[in-house]
J.: 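Below are the C-alpha cells for one structure; questions will follow.
Remember, predicted model here, so these are calculated numbers, not experimental data.
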Amino acid sequence: MTSRKTRQELHTSSPRVRKLKWIIGAAVVAVCIVGMIYGLRPWTTPTPEVQSASTPTPTPAPTPPPREALAFQMANFDSGWIQYSDGIYITSDGGVQWQSTAEIPPAASPAEDAELTALWNKDPNRQVLKLNYTLKEYPVKQSQFITDRVGWALIPLSKDTPDPLLITTDGGSTWNTIAAPDTRKAVQDEKDRLTSIRKEAALYKDLATAKLAMQSNWLLQPSTASIGDLVMVRHNEPGEVSWLGGSYTLQPFGSGYYTYLPIPTSLKAGTYPIGDQVLTIKAKKFDTQYLQVTQQMESMRQDTQRIAADQKKIDLARSQSAPEFLYTSSFIQPVEGILTTPYGYTRYVNNKYDSSHLAIDLAAKEGTPIKATNDGIVALAETLYLTGNAIYLDHGMGLFSQYAHMSELKVKKGDKVKKGDIIGLVGTTGFSTGPHLHFTFWAHNIQANPNLFFNTSPFQWVQPQ
C-alpha cells in the first residue's frame, strides 16, 4: 500500500502541479513589475500619506497683469464703454458686467432733447479733479455726470481700487463701486425721479416753458390774477406757503413742490409777496341776478340741519386729495349748454340777497350726458339736499370739480375716470328751477372760476417773463 508521504510527493511532482506553480510565479513577477512602474510595493495597500505625497499639485493659471484704464463714456444709466491699453469693453447694465468689443461703439444719439436733459443736468460739463474713496484721496483722470446726482469718475490704477470706474449718486459727495447693492438701488431711484421729471415737463405747453418753470426758485402760475381765480405755486424746495392767514403745504411732484392758492372774491386788489415773487391781484366786478322761486323751494334753505349734515359729507370728501396731479392734459367743458348764470353773480332770491354764485349754470335738455372735465377719482357721488344728485371729482393736489342737480349718477365713490367719461345726466334735482348743470372747481375748499380751466390747465397759465 502506498504511504501518505509517497502519495503527496507523487502529487506535487506531477506535470499539472508543476505547470500551476509556473503560472503563479509568472503572475507574481508581473505584479512586481507593475508595482515598480507606479511606485507601489507589491502586496501592499498604499497609505493615504503615500498617495497624497505622490499626487501632483495643480499649478494655478497666471494672473494677468493689471491694466490701466485710459478713457470711458456712458451714454445713459446703462450703456457705455471703457478703453484699456489692450482692448475695449462695453456694458449694458450700468457697468456691473463688461464684454470685450473690437472698437469703440459710435456715440449714442442723445436719449433726450437738450432742453429736456438740462432739466436734470444743469451743468453737463462739470468735472471732478479728485475724490475720496475708502478713506483715501485719488486724482481723477476723467469724469462724467448724467444728472446732477449721478456721475462716474475714472481713477488711476491702484492695488486698493479693483474697479477703475467709480460712481456717485449724491452729486459727488461720496463714491462707490458700480456693483454695490446700495449703488444699484440709488441709480434706480434716480431713474424713477427722471421719469417723474419728464411727466412734470410734459404738462407745460413746451420745453422752453418747462425749463423756465423747473429751473426757477419760485414760480407763480399766473403771476397776475383776478378775484375768484386760482394760482398755482411751484417752488424748488419743500415747505409751506402762508396765504391770507392760512398755510398751504408744498407737495412734491417731479423735481418741484406745488400748491394751489385760491383767490377769494373778497380779496382786495393789490400786490402780494409769494416767496421771491409778487402776485398781482386785479379788481373785478360781478353782475347781479334775480330769481323768483316758489315758497316751497325757498323754504328748502331753511332746513339748516339737513344742509349742515350734507356739508359734513362734502367737507370730508374734499379733505382727502391724491398727493399728485391726476390729469395730464387740458380740461374740457362737461356739457354743451346755454350759460344761464355766469361765475360770480350776486344772486337775489325773491328779492332777498342769497349768495354769490361761484359756479356756472349750463342749461341743457334733461338726460343730456355730462362728461368728466378731466382725469380724476370720484370723491363723492350721492344725492344731497340742495344740490340733488351731485358728484365731486378729485384731480389731485387739493383740486376738485363739482357737478350738481343731475337726474342720474353714472359713477360711484372711488371710481377712476378719464377725461370725457360720462359720469351723469343733466337734471333738475335739489334746489333747481329747471334742467341744468351747476359746475365749478374747488381748491382747498374755496371755489375757483371754472372758465379758467376750459381748453387749458394750470400748467399752461405761465405768463411770459
J.: Considering only heavy atoms from C-beta outward, does the side chain of L316 approach that of Q320 to under 4.5 Å?
T.: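 Yes, close enough: below the 4.5 Å cut-off.
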J.: Out of curiosity, I360 CD1 to N451 CG, how far, rounded to the nearest 0.5 Å?
T.: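 Between atom CD1 of I360 and atom CG of N451 there are 5.5 Å.
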J.: A side-chain contact here means heavy atoms from C-beta on lying under 4.5 Å apart; do V231 and Y272 qualify?
T.: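 No - every pair of side-chain heavy atoms lies 4.5 Å or more apart.
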J.: Within this structure, what is the CZ-CG distance for the pair R234 and N217, rounded to the nearest 0.5 Å?
T.: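 CG of N217 is found 9.5 Å from CZ of R234.
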J.: Could you tell me if T209 and D206 have a donor-acceptor pair between their side chains, going purely by distance under 3.5 Å?
T.: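 On atom types as modelled, these side chains qualify, holding a pair under 3.5 Å.
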J.: Got V462 and L212 here, is their nearest side-chain heavy-atom distance under 4.5 Å?
T.: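 SC-SC contact between V462 and L212 confirmed.
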J.: Nearest heavy-atom pair of N374 and S329: which atoms, and what distance?
T.: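 It is ND2-O, 2.9 Å.
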J.: Is there a donor-acceptor contact under 3.5 Å from the side chain of Q333 to the main chain of F454?
T.: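 No: the side chain of Q333 does not pair with the backbone of F454.
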J.: State whether the number of non-hydrogen atoms from other residues, nucleotides or ligands found under 6.0 Å of K122 atom NZ is greater than 12.
T.: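 For K122, atom NZ is crowded (more than 12 foreign heavy atoms under 6.0 Å).
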J.: Evaluate the side-chain proximity of V233 to L220: yes if any heavy-atom separation is below 4.5 Å, no if none is.
T.: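 Of all side-chain heavy-atom pairs linking V233 with L220, at least one is under 4.5 Å.
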J.: Might you work through the side chain to side chain donor-acceptor pair (under 3.5 Å) test for Y385 and Q305, ending with a clear yes or no?
T.: CA-CA 10 Å; Y385 180 53; Q305 186 173 357; over 6 Å; no
J.: Scan side-chain atoms only and decide if H438 and T387 contain a donor-acceptor pair under the 3.5 Å cut-off.
T.: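 The answer is no; no qualifying pair exists.
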J.: So, for T340 and A363, which heavy atoms are closest and what is the spacing to 0.1 Å?
T.: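 Shortest heavy-atom contact: CG2-CB, 3.6 Å.
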J.: State whether the side chain of W243 and the backbone N or O of P262 hold a donor-acceptor pair below 3.5 Å, judged by distance alone.
T.: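 Indeed, once roles are kept as given, a pair shorter than 3.5 Å links the two residues.
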J.: Using every non-hydrogen atom in the two residues, find where L230 and W461 come nearest and quote the distance to one decimal.
T.: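 Heavy-atom minimum between the residues: O-CZ3, 3.3 Å.
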J.: Looking at F400, is R318 sitting on its ring face, NZ or CZ under 6.0 Å from the six-membered ring centre and within 45 degrees of the normal?
T.: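 No cation-pi geometry.
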J.: As an exercise, state the distance from OG1 of T168 to CH2 of W175, rounded to the nearest 0.5 Å.
T.: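 These two atoms lie 5.0 Å from each other.
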J.: Determine, step by step, whether I167 and V187 satisfy the side chain to side chain contact (heavy atoms under 4.5 Å, CB included) criterion, reporting the C-alpha distance in whole Å, the side-chain angles of both residues, the deciding distance to 0.1 Å, and the verdict.
T.: CA-CA 10 Å; I167 187 172; V187 170; 3.9 Å; yes
J.: Quick one, L339 and D361 - any side-chain contact, counting heavy atoms below 4.5 Å?
T.: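 A side-chain contact under 4.5 Å is absent here.
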J.: Output yes when K312 and D315 qualify as a salt bridge under the 4.0 Å nitrogen-oxygen rule, no when they do not.
T.: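 Salt bridge absent between K312 and D315.
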J.: How long is the gap from NE2 on H357 to OG1 on T440, to the nearest 0.5 Å?
T.: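 Between H357 NE2 and T440 OG1, I get 8.5 Å after rounding to 0.5 Å.
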J.: Give a yes or no answer on whether the side chain of K284 reaches the backbone of A225 with a donor-acceptor pair at less than 3.5 Å.
T.: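 Flag not set: sc K284 to bb A225 has no pair under 3.5 Å.
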J.: Does the side chain to side chain contact (heavy atoms under 4.5 Å, CB included) test come out yes or no for S255 and E200, once each step is laid out?
T.: CA-CA 8 Å; S255 63; E200 179 189 8; 3.3 Å; yes
J.: Check whether any side-chain N or O of T428 sits under 3.5 Å from a backbone N or O of G434 as a donor-acceptor pair, and report yes or no.
T.: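 Yes, because the side chain of T428 sits within donor-acceptor range (under 3.5 Å) of the backbone of G434.
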J.: For K191 and D78: C-alpha separation, side-chain torsions, deciding distance, then whether salt bridge (Lys or Arg N to Asp or Glu O under 4.0 Å) applies.
T.: CA-CA 11 Å; K191 289 181 180 180; D78 299 314; 3.0 Å; yes
J.: Report the C-alpha separation of Y327 and T373 in whole Å, then their side-chain angles, then the decisive distance to 0.1 Å, and conclude whether the side chain to side chain contact (heavy atoms under 4.5 Å, CB included) test is met.
T.: CA-CA 10 Å; Y327 57 88; T373 186; over 6 Å; no
J.: Under 6.0 Å between the ring centres of Y343 and F441?
T.: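 Not close enough - the centres of the two rings lie 6.0 Å or further apart.
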J.: Could you go through V241 and L261, starting from their C-alpha distance and side-chain angles, then the distance that decides it, and tell me whether this counts as side chain to side chain contact (heavy atoms under 4.5 Å, CB included)?
T.: CA-CA 9 Å; V241 177; L261 294 185; 4.1 Å; yes
J.: Looking only at heavy atoms, which two atoms of L244 and L267 are closest? And how far apart?
T.: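 Closest approach of L244 to L267, heavy atoms only: CD2-CD1, 3.6 Å.
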J.: Quick one: pull up CG in L207 and CE in M214 and give me the separation to the nearest 0.5 Å.
T.: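 It is 9.5 Å, given to the nearest 0.5 Å.
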J.: Between the main-chain N or O of S223 and the side-chain N or O of Q463, is there a donor-acceptor pair closer than 3.5 Å?
T.: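 Between the backbone of S223 and the side chain of Q463 there is a qualifying donor-acceptor contact (under 3.5 Å).
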J.: For the residue pair G398 and S321, what are the closest heavy atoms and their distance?
T.: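 For G398 and S321, the tightest heavy-atom pair comes out as N-OG, 2.8 Å.
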J.: Using modelled atom types only, decide if a donor and an acceptor are shared between the side chain of S226 and the backbone of D229 within a distance under 3.5 Å.
T.: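 Side chain of S226 to backbone of D229, a donor-acceptor pair under 3.5 Å: no, none is there.
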J.: Okay, side chain of Q83, backbone of L70: is any donor-acceptor separation there less than 3.5 Å?
T.: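 Pair absent, no side-chain N/O of Q83 close to backbone of L70.
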J.: Please check if any side-chain donor atom of Y258 sits under 3.5 Å from a side-chain acceptor atom of Q251, or the reverse.
T.: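 Result is no, nothing qualifies.
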J.: What I'd like to find out is whether the side chain of T91 reaches to under 4.5 Å of the side chain of V96, using heavy atoms alone.
T.: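 Of all side-chain heavy-atom pairs linking V96 with T91, none is under 4.5 Å.
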J.: Tell me whether Q99 at atom CD has more than 12 heavy atoms from other residues, nucleotides or ligands lying less than 6.0 Å away.
T.: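 For Q99, atom CD is not crowded (no more than 12 foreign heavy atoms under 6.0 Å).
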J.: For F453, run the ring-ring contact (aromatic ring centres under 6.0 Å, His included) check against F331, Y260, F459 and tell me which one passes.
T.: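 Filter result, single survivor: F331.
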J.: Compare all side-chain heavy atoms of D163 with those of I178 and state whether any distance is below 4.5 angstrom.
T.: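 D163 does not reach I178 side chain to side chain.
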J.: With a 3.5 Å distance limit and no angle check, can you tell me whether H436 reaches the backbone of A364 through a side-chain donor-acceptor pair?
T.: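 Checking the backbone N and O of A364 against the side chain of H436, no donor-acceptor pair under 3.5 Å is found.
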J.: Taking T429 for the side chain and N389 for the main chain, is one N or O donor matched with an acceptor at less than 3.5 Å?
T.: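 Checking the backbone N and O of N389 against the side chain of T429, a donor-acceptor pair under 3.5 Å is found.
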J.: How about E190 and I146: do any of their side-chain heavy atoms sit closer than 4.5 Å?
T.: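 Sidechains of I146 and E190: no contact.
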J.: Can you name the closest pair of heavy atoms from I227 and P264 and give their distance?
T.: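 Distance-wise, the nearest heavy atoms are CB-O, 3.7 Å.
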J.: Roughly how far, to the nearest 0.5 Å, is the CZ atom of R306 from the CG atom of L384?
T.: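 Answer rounded to 0.5 Å: 10.0 Å.
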J.: Using a 3.5 Å distance criterion without hydrogens, assess whether the side chain of Q144 forms a donor-acceptor pair with backbone atoms of M74.
T.: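 Checking the backbone N and O of M74 against the side chain of Q144, a donor-acceptor pair under 3.5 Å is found.
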J.: Could you tell me whether D189 and K185 have a side-chain N and a carboxylate O separated by less than 4.0 Å?
T.: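 A salt bridge links D189 with K185.
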